[in-house]
Amino acid sequence: MGIRKLGYVGLNVTDVDAWVTLFERTLGVRVTSVKIGTQEVALAELDEFKYRLALHPSAQDSPREVGWIVDSPRELDRITERLTDAGFAVQEGSADETELRGATQLRWFTDPVGYRVELAVGEAKVRTSPARPADARPGVTGLGHLVLAGPKLDELRELYESVLEFRLTDYRAPGLYFLRCNATHHSIALARADTPSIHHLEIEHDTIDDVGRAHDRAQAGGVPISISLGRHMNDKAISFYIRNPSGFHLEIGCGGIEVGDGWIPHDFGTSDVWGHRHTDANPFASPAS
């Protein structure tokens, strides 16, 4: 009970059209627009629910919010109390924000590196299945996880593990921790960095063929592949990464494992079974890499 899954991510972006083109041509994902006040917001349809990624036009690229789905109003109250006791100021989301998320209740607070974290009860299912091109069925199935990097790693771990009750799955020196809130290997990873950032978001696919077709479309469309195709050591996912228009990575992956209550956290050492060659320096490389 408690937080059930990663629900959505909102981004401030300088080039919404470039994001829409990336989603539609490379991932086969339809993006629709809704008007909130005077602003048009683009919503990526990753699954049958209202949206998983919201793109807000902005003069600067930056994360806007990270939204977690909570099991029930009672659990929302319980988590709110835990946050308040830990010194976080929890506020109610506005009516417009709650409606946009497709939630029945919405609260938010600011995490130790300054990002807005939302807790939502309820999800609006608005379609039986998302539209996909003929070579991408089912293709994209949802939003998998995010990796959050920042200078206050100890405080972030305290928030997610001690207050929000995520469980540590595994880790890798010198400072990379994978946390879960359900059976999925991880819904968030926390890393040490000089400045706060989202290192990547993972877009979950159904099969390796779906990942391969997205890889073909990325190459054909000249989309920058920032980390080559490979298999991770810890969650066993097969994936590649592309550089999105806001400058960070999207991981295009499938096949991540699930873990049970008897799982023992451990340092998994080597980052990959094979592949995953970085075009730029890997900020999370271990000393032995």
Side-chain angles (χ1 to χ4, degrees), residues 1-10 49 52 54 62-124 142-171 175-193 196-199 201-202 258-266:
M1 296 291 288
I3 292 176
R4 179 157 47 90
K5 66 179 181 179
L6 177 63
Y8 54 87
V9 172
F49 292 94
R52 298 298 183 195
S62 64
R64 187 181 179 98
E65 70 267 342
V66 175
W68 299 96
I69 305 301
V70 178
D71 277 319
S72 66
R74 177 177 293 182
E75 284 298 294
L76 180 61
D77 288 341
R78 186 182 68 82
I79 295 170
T80 298
E81 184 176 358
R82 291 178 63 85
L83 285 163
T84 302
D85 290 345
F88 293 93
V90 181
Q91 301 184 52
E92 297 287 338
S94 70
D96 282 348
E97 291 167 341
T98 304
E99 181 182 1
L100 176 61
R101 310 305 187 254
T104 56
Q105 282 185 268
L106 181 70
R107 293 176 188 165
W108 66 274
F109 65 96
T110 303
D111 75 9
V113 296
Y115 288 161
R116 173 168 166 151
V117 179
E118 296 187 353
L119 304 171
V121 176
E123 298 177 273
L143 181 62
H145 62 256
L146 79 155
V147 174
L148 175 63
K152 298 182 178 180
L153 182 57
D154 291 343
E155 293 179 38
L156 285 169
R157 286 194 64 194
E158 179 72 16
L159 166 63
Y160 277 94
E161 293 184 66
S162 298
V163 182
L164 298 180
E165 303 174 312
F166 282 59
R167 299 179 68 180
L168 177 66
T169 302
D170 52 30
Y171 55 91
L176 182 58
Y177 298 88
F178 293 79
L179 309 173
R180 67 187 189 276
C181 58
N182 52 45
T184 301
H185 179 277
H186 63 282
S187 292
I188 189 170
L190 303 174
R192 193 181 309 278
S197 66
I198 290 179
H199 175 266
L201 296 173
E202 191 245 353
E258 295 187 347
V259 300
D261 291 339
W263 182 272
I264 299 175
H266 61 282

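Keep in mind it's a predicted model, so treat the numbers as computed, not measured.
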I'd like to check [X] versus [Y] (side-chain heavy atoms, cut-off strictly below 4.5 Å). Are they in contact?
X	Y	value
L156	Y115	no
V121	E75	no
L6	I188	no

Under 3.5 Å, is there a donor-acceptor pair between the side chain of [X] and the main chain of [Y]?
X	Y	answer
R167	E161	no
D170	H266	no
S187	K5	no

Can you name the closest pair of heavy atoms from [X] and [Y] and give their distance?
X	Y	value
L106	A120	CD1-CB, 4.0 Å
R107	T80	NH1-OG1, 2.9 Å
V9	I198	CG1-CD1, 4.5 Å
V113	P151	CG1-CD, 3.9 Å
R180	H185	CB-O, 3.5 Å
W68	I3	CB-CG2, 3.8 Å

Exercise. Would one find more than 12 heavy atoms of other residues, nucleotides or ligands at under 6.0 Å from atom CD of E81?
Worked result: no

Exercise. Just wondering, are more than 12 heavy atoms of other shown residues or ligands nearer than 6.0 Å to CD in Q105?
Worked result: yes

For this session: Just do the side-chain contact (heavy atoms from CB on, under 4.5 Å) check on F166 and Y177 with the steps written out, would you?
Result: CA-CA 11 Å; F166 282 59; Y177 298 88; over 6 Å; no

Exercise. Which is it for E165 and R82 under the salt bridge (Lys or Arg N to Asp or Glu O under 4.0 Å) test, yes or no, and what are the steps along the way?
Worked result: CA-CA 10 Å; E165 303 174 312; R82 291 178 63 85; 3.7 Å; yes

For this session: Give the C-alpha distance, both sets of side-chain angles, the deciding distance and a yes or no for salt bridge (Lys or Arg N to Asp or Glu O under 4.0 Å) between D111 and K152.
Result: CA-CA 10 Å; D111 75 9; K152 298 182 178 180; over 6 Å; no

Report the distance from atom [atom1] of [X] to atom [atom2] of [Y], rounding to the nearest 0.5 Å.
X	Y	atom1	atom2	result
L164	L159	CG	CG	4.5 Å
E97	E65	CD	CD	7.5 Å
I264	L168	CD1	CG	12.0 Å
H186	L179	NE2	CG	9.5 Å

Problem set entry | Residue among R157, E155, E158 satisfying side-chain contact (heavy atoms from CB on, under 4.5 Å) with P112 | E155

Exercise. Does the side chain of S94 come under 3.5 Å of the side chain of D96 through a donor N or O and an acceptor N or O?
Worked result: no

For this session: Say whether E118 and Y8, considering side chains only, have a donor N or O and an acceptor N or O under 3.5 Å apart.
Result: yes

Problem set entry | Trace of the side-chain contact (heavy atoms from CB on, under 4.5 Å) decision for V117 with Y160 | CA-CA 11 Å; V117 179; Y160 277 94; 4.0 Å; yes

Exercise. Yes or no on side-chain contact (heavy atoms from CB on, under 4.5 Å) for Q91 and T110, after CA distance, side-chain angles and deciding distance?
Worked result: CA-CA 10 Å; Q91 301 184 52; T110 303; over 6 Å; no

